[in-house]
Q: 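Can you keep this structure in mind? I'll have questions shortly.
Below, chains carry the letters A, B, ... as their sequence lines are ordered, and counting in each starts from 1. These numbers come from the heavy atoms of this one structure, side chains and all, not from hydrogens, waters or symmetry mates.
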Amino acid sequence: MDNQDIPKAYEAKSYEDDIYAAWEKSGFFNPDNLKGEPFTLMMPPPNVTGVLHLGHALENTIMDSMIRYQRMRGRKALLLPGTDHAAVATQARVEKNLIAEGIKNPREHFGREKLLELIREFSENSKSTILKQIKKMGTSADWSRLAYTFDKDRSHAVTEVFVRMYNDGLIYRGHRVVNWSVRGQSTLSDDEVVHVDRKAKLYTFNYSKDFPFTIATTRPETKLGDTAVAVHPSDERYAEFVGKTFEVEFCGNNLSLTVIADEHVDPKFGTGALGVTPAHSPIDYQMYEKQKAAGNDIGLIQVVGADGKMTERAGEDFKGLTVEEAREKVVVMLQEKGLMVSEEEIDQNVGTSDRFGDIVEAIPMTQWFVGVNKEIPGKGKSLKELMKQAVEVGHNGDADQKINIIPDRFEGTYYGWIDNLRDWCISRQIWWGHRIPVWYKGEEVFCGTSAPEGEGWKQDPDTLDTWFSSGLWTFSTLGWPDETPDFKTFHPTTWMQMGYEILFFWMARMILMSTYVIDQIPFKDVYIHGMLRDKNGQKFSKSLNNGIDPIEVIEKYSADALRYSLVSGVTPGNDSKFYEEKVEAAQRLVNKLWNISRYVLTTVGEVNHGAAYSELKPTTVADKWILTELVNLEAQLATHMQNAEFSQASEKLREFTWGAFADWYLEISKMQRADESLQKSTDAILVYVLEHLLSYWHPIMPFVTEAIWKHLDASELLMAHNWPSMHMVQVDLDSKARMDELKEVVTSIRALRAQYQVVPKAKVDVVFVGGAVEQDVEMIRTLAGVGAATFEKTKPEGDYAAGVAGDVQVFVSLEGLVDKDKERERLKQDEKETGEYIVVLDKKLSNTEFTNKAPVSVVDGMRAKKTDAEARLIVIKDQLTAL
RNA sequence: GGGCGUUUAGCUCAGUUGGUUAGAGCGGCUCGUUUACACCGAGUAGGCCGGGGGUUCGAAUCCCUCAACGCCCACCA
């Protein structure tokens, strides 16, 4: 190998772009070029409202680590990339920009077509930046399948679904009180309402001198539209009035107020009497509907208009005033007439628009809704029930179609949300979005995937809630509604990851759409990650100006360092903090790996890479030790990666890479190589371990590993290299051969101790048998006979003790015992008879630090299969062969 | 009002089903090294695992309770 010119430090900048280009060119991003069982992961499409932030970097790392791992494990891995047009968010952003440029009312100023063009321009710009950023992160997405929620294919899917739901009676047009943003001039769904705490004034007043009692309100101006007064059914103070109607003159308005009884009224709040304004309060509207259903139409008066100003119905004195102006005026009038009883500051929780920021008005309007409680024709279930079932027991009750949420506590949150779910208002009055596929001509209504034949039809001006199209993402990206090969191959998708903040917005809608439309769950597993915060624990936000561009971080350090820093020390569902020191530390690790490789590549002689384990000739105990550690590492990594425990995986890898391989074996290898008889075998092991390490690191740190790999094998890309897999066999416990091997381990440890008087990072020598059965105990007793065995009693009352076989420590576990109590008795008996004791453990001991300063070998390759009543040990074949 | 999360070393956080003397990174201190790596190495200090109670041979881990902080949901006008 001619590798003498490898630079001392890893300079990411000079490798990353070329490597990404090579990956792209290789075609391995495209699963069509891969074999195996499909593994599908749909990228949560970033909004085209701007550039990617660190939160996206986190997502990209998680997704890409998973997809790279699966690809290396021989799966037909698809990571399908895309972006989201983000209807309201994008239009709001563009309008905000325009307003900042001095255009007061962009919609009026430009008109529909021109404004849409401006938004399109903005979004295309933003989109191309986003795609570049994703590539910089190293994300191995299949660009040939790139999708956009607003492109032709996705729009096709959207209208198709709309029409189906319409025909099934699930989508309907209704007149009711909805959430309205005056600033945005559009509706919002319940989920888009953000509640904020604020101080408000609570006014206690009387409608008129004729009215028998006082009521309390924070919004006196809406009282102009009151049609009833509600009290609690069991409130004796007002019992005599229930059912009576009072005609009052309130601020120049003639109101007819019926006193009604409703459970919702809190008798302890205010005066215990509530003025009912059905047109401007969701809860009052509910009371109104309830009364109506009972045959009592109390009426509904809209006094606030869509423009945020008082309507004609508010009366001559108020018409045209803003809500605030009207409020003041009502207060003054009440004070003048002596009807105001008191004014008091209270804490209030008001709903605001998540995108436009203004306080949401409740206004009765005609809008489009998805009915979540209606029975779906032919299914005998409602959408709500479908949504619940998929997570609870599996779609159609099929356990194989059950969605698994990680961590599972979010399942509870999800159920709670579903229980409170009301019909979903899907029509928006903004322009940027999928147009509702409904046309009108006079009284005629037409709903279809394309415009109806004939003259005079006018399409509904409204657009769809952006989450309507996002809900279709897992299958609209695969060519649905056409029965494409992609759709058949890759759906349901295998895995999904998202932040908890969009659980309801997105995950819930995907489940709704997928189960209803295609009768499949959208994905098997959902991994929920937390939010990335800044050093002080604050959210990254424009207003705080604490945003960090991932590209800058990558340029300063490396994509690999950023990736590692984002996944290490992080647990699913919990927020994590981002700070530069963490990336610095990660960069050190990246460089360490680089230099380990540099040492191996520049010192070893002619060595074939890709050697089989059996071709290695481990001679010294150090050789055996490092290989054993490697095999153990491999087993742990496989589990961690499969379970998306990236943090644990990276921690174990770091430990091995730095602590075991670099700090110990590399140093020993220098001594061993000085001995000519050991040189060749040592070199082979160095290369063997290195190439395994590169594979293991690759999903998390793809660039640096690929860069090094090139020196090892220029003919193949590491990204397409098979993850070296472990071979496990079961061996009978009482096997004589097994016993001999264990004895040899102990002997080897002893030899190591003799060979090197001082060995770095000395731990203890442990022969660990986890989840043992009775035979294990026998075996360890025999094993302890290697050398002068005495079992030390550590806990007089307990059934544990450390076993010391001469100078080698031995441990046994009782945990998996068939009859634990029986064994305890036996041990106690032993203690009486021999004074010996046996320690019982059930934990991996590889990290355990012992007081013994002797050199260490950790062999925990044997683990009993707990579920296996036969109680056989699983041992690692390679390890056995080696020892 | 309901639900959830967090509380572990100076800082940021791991700790998988309860298991020997609780770990890492960063930071601190001591010493060393520049022929893989100063983006280094060898050491070292630093923790009643938020408080209290319980279960167990054994608890950071399970149960109860209290406290602080944070988040989500909700129709207190």
Side-chain angles (χ1 to χ4, degrees), chain A residues 6 8-10 191 195 200 202 215-219 222 230 264-266 268-271 273-277 281-287 346-349 351 362 407 409-410 412-413 416-417 420 500-501 503-504 530-531 535 537 557 561 565 568-571 573-579 581-582 584-603 636 639-640 643 645 647-648 651 654-655 659 662-663 666-667 670 758 760-761 764 794-802 809 811 813-815 824 839-845 847-851 866:
Chain A
I6 300 172
K8 270 190 156 185
Y10 171 59
D191 302 305
H195 295 274
L202 181 71
I215 64 160
T217 184
T218 53
R219 297 201 60 186
T222 64
H264 269 127
V265 182
D266 177 1
K268 290 192 284 289
F269 188 88
T271 60
L274 157 72
V276 181
T277 324
S281 153
I283 178 179
D284 292 7
Y285 183 72
Q286 275 179 27
M287 290 187 197
I346 59 158
D347 293 314
Q348 197 197 19
N349 200 267
R409 65 182 137 95
F410 286 107
T413 346
W417 178 82
N420 289 319
Y500 57 74
E501 71 275 11
L503 215 66
F504 305 141
M531 210 187 293
K535 213 172 170 170
Y557 301 96
S565 72
S568 67
V570 173
T571 37
N574 287 347
D575 293 351
S576 54
K577 288 177 189 167
F578 179 88
Y579 47 102
E581 291 87 329
K582 214 169 156 181
E584 267 173 35
Q587 183 57 26
R588 267 179 241 178
L589 173 65
V590 171
N591 194 58
K592 189 73 185 177
L593 185 60
W594 177 262
N595 271 292
I596 288 170
S597 314
R598 184 164 179 262
Y599 164 74
V600 174
L601 292 167
T602 52
T603 52
Q636 293 177 13
T639 312
H640 289 318
N643 297 339
E645 292 156 358
S647 181
Q648 309 235 35
E651 198 184 312
R654 184 183 204 283
E655 215 172 275
D663 287 348
L666 249 53
E667 294 308 318
K670 290 172 187 171
V758 181
K761 293 233 164 164
V764 92
T794 55
K795 301 237 165 107
E797 297 307 315
D799 46 3
Y800 314 105
Q809 302 211 20
F811 291 87
S813 163
L814 266 188
E815 269 304 307
R824 268 187 199 152
V839 147
V840 185
L841 293 173
D842 180 1
K843 192 79 175 172
K844 283 180 197 135
L845 295 171
N847 291 330
T848 314
E849 188 105 23
F850 290 86
T851 47
K866 271 190 178 176

Q: If you check the Gln587(A) side chain, which of G15(B), A36(B), C39(B) turns out closest?
A: C39(B)

Q: With sequence neighbours left out, write down each residue that passes side-chain contact (heavy atoms from CB on, under 4.5 Å) with Ser576(A), or none if nothing qualifies.
A: Leu532(A), Val570(A)

Q: Mind checking what makes salt bridge (charged side-chain N to carboxylate O under 4.0 Å, His left out) contact with Lys670(A), not counting sequence neighbours?
A: Glu667(A)

Q: Do the side-chain N or O atoms of Arg598(A) get closer than 4.0 angstrom to the phosphate oxygens (OP1, OP2) of C37(B)?
A: yes

Q: Can you find a donor-acceptor N/O pair under 3.5 angstrom joining the side chain of Lys592(A) to the base of C37(B)?
A: yes

Q: Both Asn591(A) and Ser576(A) contact RNA chain B. Which one's nearest nucleotide lies toward the 5' end?
A: Ser576(A)

Q: Scan nucleotides 72-77 of chain B nucleotide by nucleotide, 5' to 3', and note B when protein non-hydrogen atoms come under 4.0 Å of the base, S if they reach only the sugar-phosphate, - if neither.
A: -SBBBB

Q: Report the stems of RNA chain B as range-with-range entries sorted by first number; a stem here is at least three consecutive pairs, Watson-Crick or G-U wobble, both distances under 3.5 Å, and write none if there are none.
A: B:1-7 with B:67-73, B:10-13 with B:23-26, B:28-32 with B:40-44, B:50-54 with B:62-66

Q: Roughly how many Å apart are A45(B) and C31(B), using the C1' atom of each and rounding to a whole number?
A: 15 Å

Q: What integer distance in Å separates Glu501(A):CD from G70(B):C1'?
A: 15 Å

Q: Using the P atom in both, what is the distance from C75(B) to U8(B), to the nearest Å?
A: 35 Å

Q: Would you mind reporting whether Ile596(A) and Leu666(A) have side-chain heavy atoms less than 4.5 Å apart?
A: yes

Q: Return the set of residues passing salt bridge (charged side-chain N to carboxylate O under 4.0 Å, His left out) with Glu584(A) (not counting sequence neighbours), or none when no residue passes.
A: none

Q: Find the distance Asn595(A):CG to C40(B):C1' and express it as a whole number of Å.
A: 9 Å

Q: Out of C39(B), A14(B), A36(B), which nucleotide sits closest to the side chain of Tyr599(A)?
A: A36(B)

Q: Suppose we call a contact any N or O donor and acceptor under 3.5 Å apart; does that hold for the side chain of Glu667(A) and the base of A36(B)?
A: yes

Q: Using the side-chain heavy atoms of Thr571(A), tell me which of these nucleotides is nearest: G15(B), A36(B), U6(B).
A: G15(B)

Q: Please write out the pairs of protein N or O atoms and N or O atoms of nucleotides 24-32 of chain B separated by less than 3.5 Å, giving the distance to one decimal.
A:
from	atom 1	to	atom 2	distance (Å)
C26(B)	OP1	Arg588(A)	NH1	3.1

Q: Find the distance Lys8(A):NZ to U35(B):C1' and express it as a whole number of Å.
A: 9 Å

Q: If the C1' atom of G41(B) is compared with that of C4(B), how far apart are they to the nearest Å?
A: 46 Å

Q: What integer distance in Å separates Asp575(A):CG from C71(B):P?
A: 10 Å

Q: Could you pick out which residue, Gly569(A) or Ile596(A), lies toward the 5' side of RNA chain B when each is mapped onto its nearest nucleotide?
A: Gly569(A)

Q: Go through the structure and list residues passing side-chain contact (heavy atoms from CB on, under 4.5 Å) with Ile283(A), not counting sequence neighbours.
A: His264(A), Ser281(A), Met287(A)

Q: Using the test ring-ring contact (aromatic ring centres under 6.0 Å, His included), find all partners of Phe504(A) that sit at least two apart in sequence or belong to another chain.
A: Trp417(A)

Q: List in chain and number order the residues that pass salt bridge (charged side-chain N to carboxylate O under 4.0 Å, His left out) with Arg654(A), two or more places apart in sequence or in another chain; answer none if no residue qualifies.
A: none

Q: With P as the reference atom in both, quote the distance from C66(B) to C13(B) in angstrom, rounded to an integer.
A: 27 Å

Q: Sequence neighbours excluded, which residues qualify as salt bridge (charged side-chain N to carboxylate O under 4.0 Å, His left out) partners of Lys535(A)?
A: Glu581(A)

Q: Out of C13(B), A36(B), A14(B), which has the shortest distance to the side chain of Lys577(A)?
A: C13(B)

Q: Would you mind telling me which of G41(B), C39(B), U6(B) lies closest to the side-chain atoms of Asp663(A)?
A: G41(B)

Q: Using a 4.0 Å heavy-atom cut-off, does Ala662(A) contact any base of the nucleic acid, only the sugar-phosphate backbone, or nothing at all?
A: base

Q: Verify, without hydrogens or angle tests, whether Ser647(A) (side chain) and Ser568(A) (backbone) share a donor-acceptor contact under 3.5 angstrom.
A: no

Q: Looking only at heavy atoms, what is the nearest atom pair of Gly270(A) and Ala216(A), with distance?
A: CA-CB, 4.1 Å

Q: By nearest atom, which of the nucleotides A36(B), G15(B), U16(B) is closest to the His640(A) side chain?
A: U16(B)

Q: Could you measure between the two C1' atoms, the one in A67(B) and the one in A24(B), and give it in whole Å?
A: 29 Å

Q: Mind checking the C1' distance from C29(B) to G46(B)? Whole angstroms is fine.
A: 11 Å

Q: For nucleotides U55(B) and C63(B), find the distance between their C1' atoms and express it as a whole number of Å.
A: 7 Å

Q: Could you give the CG-to-C1' distance, from Leu666(A) to A36(B), as a whole number of Å?
A: 7 Å

Q: Asn591(A): which residues meet the side-chain contact (heavy atoms from CB on, under 4.5 Å) condition with it, sequence neighbours left out?
A: Ala9(A), Tyr10(A), Trp594(A), Asn595(A)

Q: Can you list everything that forms a ring-ring contact (aromatic ring centres under 6.0 Å, His included) with Tyr285(A)? Sequence neighbours excluded, please.
A: Tyr288(A)

Q: Under 3.5 Å, is there a donor-acceptor pair linking the side chains of Gln348(A) and Thr218(A)?
A: yes

